[in-house]
Undergrad: 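A single structure is presented below for examination.
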Amino acid sequence: MSKKKNSSSINQVLTQMVLDIFEQNGNTPLNYKQVSAKLNIRDPEAREVIFDILKEEAKKNAIKELSPGKFQLLELKTFIEGRVDLTNDGSAFIVTDDEFESDIFIAPRKLRNALNGDRVKVYVYAKSKGKNKEGEVIEILQRAKMEFTGIVKLSERFAFFIPDDRKMMHDIFIPISELNGAKNGIKAVAEITDWPVDAKNPIGRIKHILGKQGENDTEMNAILAEFGFPLSFPAEVEHEAEEISDIITKEEIARRRDFRDVITFTIDPFDAKDFDDALSFKRLENGNYEVGVHIADVSHYIQPESALDKEAEDRGTSVYLVDRVIPMLPERLSNGLCSLRPKEDKLCFAAVFEMDEDANVINEWFGKTVIHSDRRFTYEEVQEVIESKAGDFQKEIEKLNALAYKLRERKFKNGAISFETTEVKFKLDESGKPVGVYVKERKDAHKLIEDFMLLANRKVAEHVSRMGKGKHKYTFVYRVHDSPKPESLANFAQFAARFGYKINTKSDKETAKSLNYLMEDVEGKKEQNVLTQLAIRSMAKAIYTTKGTSHYGLAFDHYTHFTSPIRRYPDVMVHRLLFHYLNGGQSANAEHYEKLCQHSSQMEKKAADAERASVKYKQAEYLKDQVGGVYAGVISGVTEWGMYVEIIENKCEGMIRLRDISDDFYTLDEKNYAIIGQRKKKVYQLGDEVKIKVKNVDLTKKQIDFSLVQD
């Protein structure tokens, strides 16, 4: 590094230290000697540098000179930390939890190589009248990502890597020696290895070659890499999984409650490979029923701090793309040891309930079990048993379904909200290309399983919450969902009213009741998806935390995730904590588990984003051969630059750009979720039906453009 660069860097650090002194001393007016003393600087020449910094910062309006030589910050909190949210023009806003009036605007030249999502320290300028607060990045605290997917562009002496991420504004310079065998035009993963202070572009290396652009495996792997999910398990993790014994000893069985002679079965999708939950059913002599919710005992096989455990913790969750599952655990565990396959003894952690005819829980028991599943059902097979009243375990399934109905009824009566969103599935050919689209139906078989899983999750959470009181409550991992903000709910109620639906927002219970009426009313109507999605958007997001317990959407005071440890790391934590407490253990470290909860919530969001990206890609691929096709659609979103339309027939979503609507000049009416023509006052509103033509499809950007077919 040159002396000039080094000097500039030292000056930035020194400036920050000087301004920090004012903050640390309550913004007491100080002269340069006092600042120097507090920094333990005694050298006269160095003190002169401090004086120059104070004068320079006064010119920038960061501080003010109250009287000759006496300085003070214009306002406290000159420095803030936050996350970079990059805009399309290369500028950014810093999103912070601090109580600032608004996010801090950063001009492109003031970003100092910060990238979208990075956590940064920002120096905030004094606020000018009528302007947003502005600032500049002075330190990158944590990079959001250092790896990107994209295309290699090769010349004779060097290469550039063009990232897919539209918010990554810089191409990455790749030395020829760091190409790792990549050829021109190939899709790959590049890692940033250096970014010199004055360099326009970062320097990197090709880490993985993904393959030819447009091929299914290449594009699906690119989505995984883009969201930070590894494409394979490290050798150490695979080796550790292979070393685990599959023998269940007599001693282990003796430590567990034996359910091998009790009727037990699994119900899963037809293409499932990992079965992590099973139901056992027994009629008791007193006329009640014993229902066991048996969950794969993953924590028995994965020891804390092992390579397997660390990998599962890092991943946080399995990822479900359109055509594949990227498991949280290696196949030996997820599809083998831990999968509750039929006709095999399996180790479980269970919640067992004695229930009466009205589905009231009379007794409950939590602990380790051993089971022997009698039958593997698909949802379709169970649905057939329910509808035909015939087939394997017909009486047991019929009773379980009746109990599930009562659990569901009570849940909604207590204020739970029923969001029945449409789930789109693709029919794929051998190469992974979509040849058809269908909507997945949720019937009684799906709901039966869901209701017993909800019961187990709720009862486990309630059980632990009763341990200890007040400050001595036991640390636990809860699944928490806050009630929606009143303004979000009011906006949604106002919009729903345009379709003739009334939302009562007087109380949480009344809100839930009227939302459920709405969800029933819109089922099967063209506005169903729009209103459901908008209602979900008005809700808070569910997260994992040790700090709360309630779940607004389900109307449960206590809720957790206990039922899917094969595919969710929080469930593994829940199993460990529950077992620890059942055996008399003391409360676990809350700070440690809160950090794990935050990471799990972040990974869950990334997995959902990756899944959406894979759906977007398949939608674009499906419509690629139908450019010019005309369809009926529903307006599903409005922005300043266009409106999103979802095709009714196949649920594919694309955009009509406002500049392409030629009969008027249209602008966004944000409050009414509409765009309005300025001369003729024609209105296109969220939920309106329109006719569209497929104009263009860009597979690289996963982007579909429509044009409006006007009558």
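Reckoned from all heavy atoms, side chains included, excluding hydrogens, waters and symmetry mates.
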Undergrad: Using the benzene-type ring in the case of Trp, are the ring centres of Phe160 and Phe173 under 6.0 Å apart?
TA: yes
Undergrad: Within the 3.5 Å criterion, strictly below it, is a donor on Tyr569 or Asp309 matched to an acceptor on the partner's side chain?
TA: yes
Undergrad: Taking the six-membered ring of Phe233 as reference, does the NZ or CZ atom of Arg315 fall below 6.0 Å from its centre and within a 45° cone about the axis?
TA: yes
Undergrad: Got Asp85 and Asn116 here, is their nearest side-chain heavy-atom distance under 4.5 Å?
TA: yes
Undergrad: Can you tell if the side chain of Ile172 reaches within under 4.5 Å of the side chain of Trp195, non-hydrogen atoms only?
TA: no
Undergrad: Looking only at atom types and distance, does a side-chain atom of Asp274 sit under 3.5 Å from a main-chain N or O of Ser334, one as donor and one as acceptor?
TA: no
Undergrad: Between CD1 of Ile417 and CG of Leu554, what distance do you get to the nearest 0.5 Å?
TA: 9.0 Å
Undergrad: Taking all non-hydrogen atoms of both residues into account, name the closest pair between Ser373 and Thr266 and its distance.
TA: OG-N, 4.0 Å
Undergrad: Nearest 0.5 Å please: distance from the CG atom of Asp444 over to the CG atom of Asn401.
TA: 5.0 Å
Undergrad: Which of these passes salt bridge (charged side-chain N to carboxylate O under 4.0 Å, His left out) with Glu381: Arg376, Arg375, Lys443?
TA: Arg375
Undergrad: How are the rings of Tyr684 and Tyr666 set relative to one another: parallel (under 30°), tilted (30 to 60°) or perpendicular (over 60°)?
TA: tilted
Undergrad: Do Pro202 and Met168 have side-chain heavy atoms sitting under 4.5 Å apart?
TA: yes
Undergrad: Can you list, pair by pair, the side-chain donor-acceptor contacts under 3.5 Å of residues 205-212, counting residues two or more places apart and other chains?
TA:
from	atom 1	to	atom 2	distance (Å)
Arg205	NE	Glu191	OE1	2.9
Arg205	NH2	Glu191	OE1	3.0
Lys207	NZ	Glu147	OE2	2.4

Undergrad: Check whether any side-chain heavy atom of Lys145 lies under 4.5 Å from a side-chain heavy atom of Phe227, and answer yes or no.
TA: no
Undergrad: I want to check something: taking the side chain as every heavy atom from C-beta on, are Arg479 and Asn457 in contact at a cut-off of under 4.5 Å?
TA: no
Undergrad: Let me check something: any side-chain donor-acceptor pairs from residues 623-636 under 3.5 Å, sequence neighbours excluded? List them with distances.
TA:
from	atom 1	to	atom 2	distance (Å)
Lys624	NZ	Val697	O	3.3
Asp625	OD2	Lys433	NZ	2.9
Gln626	OE1	Tyr631	OH	2.1
Gln626	NE2	Tyr622	O	3.1
Ser636	OG	Tyr644	O	3.4
Ser636	OG	Glu653	OE2	2.5

Undergrad: Quick one: side chain to side chain donor-acceptor pair (under 3.5 Å) partners of Gln685, sequence neighbours excluded?
TA: none
Undergrad: Flag the pair Phe148 / Phe161 as yes when at least one side-chain heavy-atom distance between them is below 4.5 Å, and no otherwise.
TA: yes
Undergrad: Under a 3.5 Å distance rule, please check whether Lys343 uses its side chain to pair with a backbone N or O of Asp374 as donor and acceptor.
TA: yes
Undergrad: Does the ring center of His599 lie less than 6.0 Å from the ring center of Tyr544?
TA: no
Undergrad: Does any non-hydrogen side-chain atom of Ser707 lie less than 4.5 Å from one of Ile656?
TA: no
Undergrad: In the structure I gave you, are the side-chain heavy atoms of Val298 and Ile302 within less than 4.5 Å of one another anywhere?
TA: yes
Undergrad: Hey, what do you get for OG1 (Thr317) to CD (Glu604), rounding to the nearest 0.5 Å?
TA: 7.0 Å
Undergrad: Under 3.5 Å, is there a donor-acceptor pair between the Gln383 and Glu387 side chains?
TA: yes
Undergrad: Look at the side chain of Ser601 and the backbone N and O of Ile543, then say whether any donor-acceptor pair between them is shorter than 3.5 Å.
TA: no
Undergrad: When you check the side-chain N and O atoms of Asp164 and Thr149, is any donor under 3.5 Å from an acceptor?
TA: yes
Undergrad: Restricting to pairs with a member in residues 318-333, which pass salt bridge (Lys or Arg N to Asp or Glu O under 4.0 Å), not counting sequence neighbours?
TA: Asp217-Arg324
Undergrad: With a 3.5 Å cut-off and sequence neighbours excluded, list the donor-acceptor pairs that the side chains of residues 699-706 form with protein atoms.
TA:
from	atom 1	to	atom 2	distance (Å)
Thr700	OG1	Gln213	NE2	2.9
Gln703	OE1	Arg166	NH1	3.0
Asp705	OD1	Arg657	NE	3.4
Asp705	OD1	Arg657	NH2	3.3

Undergrad: For Ala610 and Val319, which heavy atoms make the closest approach, and how far apart are they?
TA: CB-CG1, 4.2 Å
Undergrad: List the residues meeting side chain to side chain donor-acceptor pair (under 3.5 Å) with Glu450, not counting sequence neighbours, and say none if there are none.
TA: Arg442
